[in-house]
Number of protein chains: 2
Amino acid sequence: MLSQSIEDYLKAIYEIESSEGKVSTSALSEKLGVSPASVTSMVKKLSERKLITHKRYQGVKLTPAGRKIALEIIRHHRLVELYLKEALGVPWDQVHQEAEKWEHVLSEDLEDRIDKFLGYPVTDPHGSPIPRRDGTMIVRQCNALVDVEPDTLVKVVEVSDHDPELLRYLGGIGLYPETEMTVVSKQPFKGPIIVELTGKEHPIGRNAAKYIMVEKARN
Amino acid sequence: MLSQSIEDYLKAIYEIESSEGKVSTSALSEKLGVSPASVTSMVKKLSERKLITHKRYQGVKLTPAGRKIALEIIRHHRLVELYLKEALGVPWDQVHQEAEKWEHVLSEDLEDRIDKFLGYPVTDPHGSPIPRRDGTMIVRQCNALVDVEPDTLVKVVEVSDHDPELLRYLGGIGLYPETEMTVVSKQPFKGPIIVELTGKEHPIGRNAAKYIMVEKARN
DNA sequence: AAAGAAATTTAGACAAGGCTAAAATAATTT
DNA sequence: AAATTATTTTAGCCTTGTCTAAATTTCTTT
């Protein structure tokens, strides 16, 4: 059995690997909210256990074994997020923090029951793909909203779950995964991006728009 | 926030207090599966935090604050047990071990949602009363099956959840809380107790019968 | 290319929560 | 009542996962 700490590190490494490519000590330190020195010592332990590889002063990489575990945890996390929303009506801006705790205590049996209850879902409430039991995961091709040209019809693919505040705002304007909307304009001087959905226009800050992934709608 | 360990100790103390009256170091050691020395040191910590009182070489007692916490954990445990059975179809002999983990990660918000989903239930799948949020709990008056005279019609009130094996057997013969049955006979030489339910007779060992609580059925 | 800045690692400490072995106290037997 | 046995506590150690401060190494700037 792996400690919760180890699971958290592996998950964080996976996530940074996906978004940044390189996984540095400081990035991990930042993400996990622990000191760089603590990261170094845990990295040493994870290397010894062959869950990651590590070259001093250069980053860290998951081994296949480590990646498998990371994906199991992420699977737990995302299944639980969706379950809490569907079965218990937990609002989408709260499911993440609950799932952070639940992901570590979910038995295989319960994982299967939840998966079945939900009808073997493919994405969580934020549009993130749910890894399969075998450790594979379908990644959808998409762009950050901030990079889309004005006058484009797009479909929301995925929204980052890291900021509840943002999720509440987006929920308020009806912006969810699978929603279609038009990028109306990008205001100059790093101003907001204006999108139109359900007939209304809404401003979305550039920073927030980095965390909203979309694809061109076929039209 | 309290550590999982502290929560486990408080719950164990509550349970031993209920069933044995006196809570000794060795009883705790046994129940929690840790050495007596470990219990002593944790007891010291819990005393300092005013969650229990302790006189050297005599037992331990919960303070009102400690009891409140113990009951909160037990409330979590029992709500989760029932929830897993009702919402996800987990068999009653498995809900206990799942709940042992979940009881520590349940937020107040989720507790309320589960409580509501279940229609504010009063007992868990084993018939144990679910403490209310305010820290009160209704205790039903009952006797161990082993102490009942033959030829009595009884109603099952509660079955201990500590042994999955026993629960599977009882489930197999249809013996659940609220079930009515007749105590047919007590075989001599510490032999089994014979009960009749749904027209069939079934033997129940004396030891098992200590863990089945019943009340006289009104008839 | 050297200096300064930033990132990483090492060294050493600490808190939690466990353990074993030995000492102290209480309970039981003779 | 003394001796033996059982229970509880103390003393000291270990592991996990964290921290700070100091030493390295790498990167950036001049």
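Below, chains carry the letters A, B, ... as their sequence lines are ordered, and counting in each starts from 1. Basis for what follows: all heavy atoms, side chains included, without hydrogens, waters or symmetry-related copies. Bear in mind the structure is a predicted one, so any value in this text is a computation, not a measurement.
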Take B:Asp124 and B:His77 through the side chain to side chain donor-acceptor pair (under 3.5 Å) test and state the conclusion after the steps.
-> CA-CA 9 Å; B:Asp124 77 5; B:His77 182 94; 5.9 Å; no

When rounded to the nearest 0.5 angstrom, what distance separates OG in B:Ser107 from NZ in A:Lys101?
-> 5.0 Å

Could you give me the CA-CA distance, side-chain angles and deciding distance for A:Ser5 and A:Glu7, then say whether side chain to side chain donor-acceptor pair (under 3.5 Å) is met?
-> CA-CA 5 Å; A:Ser5 228; A:Glu7 292 184 349; over 6 Å; no

In terms of the angle between their ring planes, are A:His126 and A:Trp92 parallel, tilted or perpendicular, with boundaries placed at 30° and 60°?
-> parallel

Run the side chain to side chain donor-acceptor pair (under 3.5 Å) check on B:Ser38 and B:Ser35 step by step: do they pass?
-> CA-CA 5 Å; B:Ser38 300; B:Ser35 71; 2.9 Å; yes

Review item, nucleotides 13-15 of chain C N/O atoms under 3.5 Å of protein N/O:
none

No-hydrogen, no-angle side-chain donor-acceptor test under 3.5 Å, B:Glu103 and B:His76 = no

Got a sec, which residues hit salt bridge (Lys or Arg N to Asp or Glu O under 4.0 Å) with A:Asp109, two or more places apart in sequence or on another chain?
-> A:Arg113

Rounded to the nearest angstrom, tell me the gap between atom CD in B:Glu30 and atom P in D:dA6.
-> 16 Å

Between atom CG in B:Leu32 and atom C1' in C:dC19, what is the gap in whole Å?
-> 15 Å

Of B:Ile193, B:Val214, B:Ile212, B:Val195, which meets side-chain contact (heavy atoms from CB on, under 4.5 Å) against B:Val148?
-> B:Val214

Quick one, give me the B/S/- string for nucleotides 7-21 of chain D, reading 5' to 3', where B means a protein heavy atom under 4.0 Å from the base and S means that only happens at the primed atoms, P, OP1 or OP2.
-> -BBB-----SSBBBB

